[in-house]
Amino acid sequence: MTTAVAPSAATAAQVAVSWTPELELHEPHIDATHREFVDLLNGLHELVNAEVATQGQLLEALDGLITHTEAHFGMEERWMAAVGFAPENCHSRQHTLVLDVLREVRKHVEAGKDLDPVRRLPTELGQWFGFHAEAMDAALVYTMQQAGYDPATGQCARPPLGEAQSGCGSSGCS
C-alpha cells in the first residue's frame with residue numbers, strides 16, 4: 001500500500017526541533033545521541049511534509065526512530081541504574097511513554113489509517129524533547145558527574161549510598 005502524505009504548508013519549511021546551545025549537555029555520549037535523535041525527528045518531519053511519501057518510507061523512518069530511541073533510552077536507563085536512580089523513576093516513565101507513543105503511531109501507519117498522528121509526531125516529540133533534555137537529562141548528567149560516573153567504562157567513582165532516587169534528579173521533582 002502506498003499512502004501519499006500531503007504536505008502541510010504551515011510546517012513544510014520548518015524543522016521539528018532545532019539544535020540549540022541549551023540542548024548541549026557537555027557529555028559527549030549523550031550529546032551525540034541527542035543530535036542523532038534530532039536528526040531523525042527532522043528527517044521524519046521532512047518526509048511527512050514531502051510532496052509524496054509512501055507508507056513504506058514512513059514505516060522505515062519510524063522504525064529508524066524507534067530503534068534509535070530504544071538504544072538512546074536504554075543507555076540513559078543503564079546510567080540511571082549505575083548512579084542510584086530507582087527502577088521506577090519519573091525519567092524512566094517518560095521514556096516508556098514516548099516509546100509507547102512511537103510504537104502506536106507506527107501501528108497506525110502500518111494499518112493504513114489517517115496520517116494525522118505521524119504528521120504531528122515530529123513537532124510534538126520535538127517540543128517534549130527540549131524540556132526533557134534541558135531538565136531530566138541535564139539532571140542525569142549532573143548526577144553522573146557528582147557520582148564520578150564514566151559512561152565510557154561504566155565505572156562509578158562514588159557509588160550511590162542509601163535509598164535509590166525515585167525522582168528524575170531535577171529540582172522540580174522529588
Side-chain angles (χ1 to χ4, degrees), residues 1-25 27 29-80 85 87-141 167-170 172-173:
M1 176 181 204
T2 57
T3 305
V5 178
S8 165
T11 58
Q14 301 171 0
V15 295
V17 61
S18 296
W19 187 263
T20 64
E22 292 79 22
L23 293 175
E24 191 81 32
L25 300 179
E27 198 299 306
H29 297 88
I30 202 165
D31 287 338
T33 301
H34 282 178
R35 283 184 184 272
E36 184 179 345
F37 183 77
V38 166
D39 289 345
L40 289 166
L41 267 184
N42 287 330
L44 180 60
H45 183 75
E46 183 177 322
L47 185 62
V48 298
N49 288 296
E51 287 297 323
V52 179
T54 66
Q55 181 186 37
Q57 290 170 317
L58 291 171
L59 290 172
E60 184 178 336
L62 284 166
D63 287 344
L65 181 59
I66 291 168
T67 298
H68 163 86
T69 304
E70 288 170 340
H72 170 174
F73 291 171
M75 173 185 74
E76 290 181 16
E77 298 290 329
R78 288 187 300 278
W79 294 351
M80 285 188 273
F85 283 70
E88 276 297 313
N89 64 75
C90 61
H91 191 155
S92 295
R93 284 191 299 273
Q94 279 200 6
H95 288 170
T96 299
L97 289 171
V98 166
L99 283 169
D100 288 348
V101 167
L102 286 170
R103 291 177 184 129
E104 285 302 312
V105 168
R106 191 205 185 281
K107 285 182 199 173
H108 200 81
V109 170
E110 187 173 39
K113 297 182 179 179
D114 75 277
L115 297 174
D116 189 52
V118 76
R119 279 189 191 101
R120 292 183 11 224
L121 180 70
T123 301
E124 291 185 18
L125 195 51
Q127 290 171 350
W128 166 84
F129 175 70
F131 166 77
H132 183 83
E134 291 176 38
M136 293 190 170
D137 290 341
L140 172 58
V141 169
C168 64
S170 75
C173 188

How close do [X] and [Y] get, counting heavy atoms only, and between which atoms?
| X | Y | answer |
| --- | --- | --- |
| E110 | Q55 | O-NE2, 3.1 Å |
| A61 | L44 | CB-CD1, 3.8 Å |
| L25 | D31 | N-OD1, 2.8 Å |
| R106 | L62 | CA-CD1, 3.8 Å |
| S92 | M80 | OG-CE, 3.6 Å |
| I66 | L99 | O-CD2, 4.4 Å |

### Query
Less than 4.5 Å apart, any side-chain heavy atom of L115 and any of L58?
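Contact flag for L115/L58 side chains = yes.
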### Query
Are any of the side-chain heavy atoms of F129 and L23 separated by less than 4.5 Å?
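When only atoms from C-beta onward are counted, L23 and F129 do touch, with a gap below 4.5 Å.
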### Query
Between W79 and H29, how do the two ring planes meet: parallel, tilted or perpendicular, split at 30° and 60°?
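Perpendicular, since the angle between the ring planes exceeds 60°.
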#### Entry: Aromatic ring pairing H91/H132, orientation class (parallel under 30°, perpendicular over 60°, tilted between)
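If you compare the ring of H91 with that of H132, the planes turn out perpendicular.
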### Crowding at CD, Q94 (>12 non-hydrogen neighbours, <6.0 Å)
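Counting neighbours around CD of Q94, more than 12 heavy atoms of other residues, nucleotides or ligands fall under 6.0 Å, so yes.
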### Message
Using a 6.0 Å cut-off, check whether atom CD of E60 has over 12 heavy atoms from anything other than its own residue.
### Response
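Open: at most 12 neighbouring heavy atoms sit under 6.0 Å from CD of E60.
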### Task
Classify the side-chain pair E104/H108 by whether it contains a donor and acceptor separated by less than 3.5 Å.
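There is no such pair between these side chains.
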### Query
For R35, what residues pass the side chain to side chain donor-acceptor pair (under 3.5 Å) criterion, not counting sequence neighbours?
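Residues passing side chain to side chain donor-acceptor pair (under 3.5 Å) with R35: E24.
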### Query
F37 pairs by side chain to side chain contact (heavy atoms under 4.5 Å, CB included) with which of L40, L41, D39?
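The side chain to side chain contact (heavy atoms under 4.5 Å, CB included) with F37 is passed solely by L41 among L40, L41, D39.
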### Distance (rounded to the nearest 0.5 Å) between T69 OG1 and H95 NE2
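Nearest 0.5 Å value for the OG1-NE2 distance: 9.5 Å.
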